[in-house]
Peer 1: 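Let me give you the structure first, and then I'll get to my questions.
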Number of protein chains: 2
Amino acid sequence: MVISKSPARKAKPVRMQPKAAAEMPADAPLDLGELADLLGYSLKRAQLRVFEDFLSVMNPLQLTPAQFSVLLLMEKNPGRNQTEIASTLGIQRPNFVAMLDSLESRGLCVRLRSVSDRRSHVLMLTDKGRATLVRAKKLVAAKHETRISALLGESNRVALVRMLAKVAREL
Amino acid sequence: MVISKSPARKAKPVRMQPKAAAEMPADAPLDLGELADLLGYSLKRAQLRVFEDFLSVMNPLQLTPAQFSVLLLMEKNPGRNQTEIASTLGIQRPNFVAMLDSLESRGLCVRLRSVSDRRSHVLMLTDKGRATLVRAKKLVAAKHETRISALLGESNRVALVRMLAKVAREL
DNA sequence: TATTGTTATACTCTATAACTATA
DNA sequence: TATAGTTATAGAGTATAACAATA
């Protein structure tokens, strides 16, 4: 009977080296190959960079992209319940609970028990939430979107958003 | 002395309702407001959708986008060590260990102790890894990228990737 | 002293099952 | 019975400190 192979991680690496390792500069940047043409790859790298910039711009208000999107949705859709707001953003209802706890404990929004259906919580921005959102929008417009627009050109930025929305919607 | 406010999540929601809740269809899709113009938002939604499609196309080979990118990099850059491959992909070295364990245990690649620097492991695709990569590339090209190209048009797809790469690189 | 691969750990996101109170 | 909010939990993904072997 053959002893089953131990996990690969335990087997110590051994033997042999690629033939002509001498040709490569050794410290040259790696070749991305077809990775550079893969939409998913550039999409992911760009998304990380954009969120990073958003976070740094929003630092004074301490709002994440997800929190900002929740506040925006509450403003545009007052009177909606948790399930509606969460599902619109692709957030699972259980995961939305802690998020709302955080926003509500900071006094940015409130949960009101609905009079028409006492199971559900109607979500509303507080005055502080509205004021914070005004400041947040100004920061995003002035320091974040403007920066992207300066990089790509405004018409390209708009075209980019439109294509991404189409991919998210129709792929 | 005032009792400190209990966590917002414990305070039961109460009273009051938005004035004219009667006007809204109640089941209408929510208004995204400025969210629809936020690059970060469409970027994130598109990225999730594209990865989802990639995963379903790659289902027969059981390769995640991250694993596929690692195999591609090994192919184009034979003889590089873990630190080089990981950092090129933005993966922390400690997190790369389990990933390599998985690929190596599946027989797709090997770690060879470098003869020039015995601290480092040179990464190489196995024959099975090369064969798997060939099949993976064909699947991605035929079922994934083609689908995106059909949706946007090939010239738009290329323009999209170029803009995303620029954002990732220069923002 | 510095670096490579590694371990351990922790924190965030995300996903699912199940409970409660209402309907 | 079905739904809204919640709890508990588990799995990815990601980040940092520290160690052994090697340079």
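Below, each value reflects all heavy atoms present in this structure, side chains not excepted, and no hydrogens, waters or symmetry copies. Letters A, B, ... mirror the listed sequences (proteins, then strands); counts begin at 1. All values derive from a computational prediction rather than experimental measurement.
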Peer 1: Let me know, please, whether A:Thr64 or B:Thr83 comes out on the 5' side of the other along DNA chain C by nearest nucleotide.
Peer 2: B:Thr83
Peer 1: So, OP1 or OP2 of D:dA17: does either fall under 4.0 Å of a side-chain N or O from B:Arg93?
Peer 2: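 So the side chain of B:Arg93 is outside the cut-off, no N or O lying under 4.0 Å from OP1 or OP2 of D:dA17.
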Peer 1: Mind checking A:Asn95 for me? I need base, sugar-phosphate or nothing, with any heavy atom below 4.0 Å counting as a touch.
Peer 2: base
Peer 1: Could you tell me how far apart A:Phe96 (CZ) and C:dA15 (C1') are, to the nearest whole angstrom?
Peer 2: 17 Å
Peer 1: Does B:Arg119 or B:Ala66 map to a spot on DNA chain D nearer the 5' end, using the closest nucleotide for each?
Peer 2: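 In this pair, the answer is B:Ala66.
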Peer 1: For A:Arg93, look at atom CZ and say whether over 12 heavy atoms of other residues, nucleotides or ligands are found less than 6.0 Å away.
Peer 2: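 Incorrect, the count does not exceed 12.
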Peer 1: Quick one: label B:Arg118 by what it contacts on the DNA or RNA (base, sugar-phosphate, nothing), any heavy atom closer than 4.0 Å.
Peer 2: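 Counting heavy atoms under 4.0 Å across all strands, the contact made by B:Arg118 is with sugar-phosphate only.
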Peer 1: What closest approach, in Å, do B:Asp37 and A:Glu145 show between heavy atoms, and which atom pair accounts for it?
Peer 2: O-OE1, 3.7 Å
Peer 1: Can you tell me if the side-chain N/O atoms of A:Arg111 get under 4.0 Å from OP1 or OP2 in D:dT6?
Peer 2: yes
Peer 1: Separation of B:Met99 atom CE from D:dA15 atom P, in whole Å?
Peer 2: 14 Å
Peer 1: Atom CD1 of B:Ile91 and atom P of D:dA15: how far apart are they, to the nearest Å?
Peer 2: 11 Å
Peer 1: Among the candidates D:dT6, C:dT3, C:dA23, find the nucleotide nearest to the side-chain atoms of A:Asp117.
Peer 2: C:dA23
Peer 1: At under 4.0 Å, does any side-chain N or O of B:Gln92 touch on OP1 or OP2 of D:dT14?
Peer 2: no
Peer 1: Testing A:Leu71, A:Val57, A:Leu133, A:Val140 for side chain to side chain contact (heavy atoms under 4.5 Å, CB included) with A:Leu63, which one passes?
Peer 2: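 It is A:Leu71, the one option of A:Leu71, A:Val57, A:Leu133, A:Val140 that forms the side chain to side chain contact (heavy atoms under 4.5 Å, CB included) with A:Leu63.
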Peer 1: Tell me: CG of B:Asn81 to C1' of C:dG5, nearest whole Å?
Peer 2: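 Checked: the CG to C1' distance equals 10 Å.
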Peer 1: For A:Leu30 and B:Glu84, work out which heavy atoms get closest and say how close.
Peer 2: CD1-O, 4.0 Å
Peer 1: I need the CD-C1' distance between B:Gln82 and D:dA21, as an integer number of Å.
Peer 2: 14 Å
Peer 1: Between D:dG5 atom C1' and A:Glu104 atom CD, what is the distance in whole Å?
Peer 2: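 Interatomic distance, CD of A:Glu104 to C1' of D:dG5: 12 Å.
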Peer 1: Specify the closest pair of heavy atoms between A:Leu139 and A:Met58, including all atoms of both residues, with the distance to one decimal.
Peer 2: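 Nearest heavy atoms, A:Leu139 then A:Met58: CD1-SD, 4.3 Å.
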Peer 1: Between A:Leu100 (CG) and D:dT6 (C1'), how many Å, whole number?
Peer 2: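 One finds 12 Å between C1' of D:dT6 and CG of A:Leu100, rounded.
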Peer 1: Check this one for me: any side-chain N or O of A:Ser120 less than 4.0 Å away from OP1 or OP2 of D:dT3?
Peer 2: no
Peer 1: Rounded to the nearest Å, what distance is computed from the CG atom of residue A:Leu89 to the P atom of nucleotide C:dC13?
Peer 2: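 It works out to 14 Å between those atoms.
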